Amino acid sequence: MTETADKPVPTAAVLGALVLVAGAVAVAALGHYGGIGRTVMPEAAAVAVKDLRFEDRGGAVAVLDADTGAEVAQLAPGTNGFIRGVLRGLARERRMSGTGREPPFQLVRRADGRLTLVDPTTGRRIELDAFGPTNAEAFAKLLQPGEKHS
């Protein structure tokens, strides 16, 4: 058997490890705060914006145009799971921030075709296209004027 408990760790090795860790933290901080190595997509101009309110109606969810009060859609119980899931997350953030249900959300279609749901009260933005075309389409239907969706 070898005895390693009696041998101290060389000071140069400890200092080298500390310098390596400090260097890694410094490089990570420089990259994060300096934007080095970060890919940011420029935000395309908004081509359609609709302020929407969502109301629970006994299991169904009514989607209302916040400007006119007109019902845009009625989401039947047990349907539209993606929309309901997104709204649950946003509602939770509003509760945590002390914001009520009344302020509308903004549904934005951008010139490059991307779809974003924005909560102006909390600053939360959800890029809906990141969840796939089928899920984004569930929200895109809410932007179509003059049609009522269910």
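Position 1 is the first residue of the sequence; numbering continues from there. Predicted, not measured: the structure shown is a model, and the values here were computed from it.
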Going from CD on E127 to CZ on R110, what distance comes out if it is rounded to the nearest 0.5 angstrom? 6.5 Å
Going by heavy atoms in the side chains, are L142 and L52 under 4.5 Å from each other? yes
Would you please test R125 and E43 for side-chain contact (heavy atoms from CB on, under 4.5 Å) and show each step? CA-CA 12 Å; R125 303 168 53 89; E43 191 166 281; 2.6 Å; yes
What's the spacing between F105 CZ and T122 OG1 if we round to 0.5 Å? 7.5 Å
Could you state the interatomic distance from CG (L107) to NZ (K50), rounded to the nearest 0.5 Å? 8.5 Å
To the nearest 0.5 Å, what is the distance between CG on L15 and CG on L20? 12.5 Å
Calculate, to the nearest 0.5 Å, the distance between atoms CG and CZ belonging to N80 and F139 respectively. 9.0 Å
Minimum heavy-atom distance between A136 and L115, given as atom pair plus value: O-CD2, 3.3 Å
Between A44 and R114, the two heavy atoms sitting closest are N-NH2, 3.7 Å
Once side chain to side chain contact (heavy atoms under 4.5 Å, CB included) is applied, do any residues pair with T134, and if so which ones, sequence neighbours excluded? none
Does the side chain of L117 come within less than 4.5 Å of V108's, by heavy atoms? no
Same apolar cluster: V72 and V118, side chain cutoff 4.5 Å: no
Can you confirm whether F82 sits close enough to L128 that some side-chain heavy atom of one is under 4.5 Å from a side-chain heavy atom of the other? yes
Run the side-chain contact (heavy atoms from CB on, under 4.5 Å) test on V86 and F131 for me, step by step, so that the C-alpha distance in whole Å, both residues' side-chain angles and the decisive distance to 0.1 Å come before the verdict. CA-CA 11 Å; V86 168; F131 298 95; 5.6 Å; no
Contacts table for residues 58-70: side-chain donor-acceptor under 3.5 angstrom, sequence neighbours left out:
| from | atom 1 | to | atom 2 | distance (Å) |
| --- | --- | --- | --- | --- |
| D65 | OD1 | D67 | N | 2.8 |
| D65 | OD1 | T68 | N | 3.3 |
| T68 | OG1 | A70 | N | 3.1 |

Sub-4.5 Å side-chain heavy-atom contact between N135 and I83: no
Does L18 sit in a hydrophobic cluster with other residues, and if so which ones, taking ILVMFWY side chains as linked at heavy-atom separations under 4.5 Å, directly or through other members? V9, V14
side-chain hydrogen bond (donor to acceptor under 3.5 Å, both in side chains) filter on E55, not counting sequence neighbours, yields R53, R57
Who pairs with T99 by side chain to side chain contact (heavy atoms under 4.5 Å, CB included), at least two apart in sequence or on another chain? R94, S97, P103, T121
Who are the side-chain hydrogen bond (donor to acceptor under 3.5 Å, both in side chains) partners of R84, not counting sequence neighbours? none
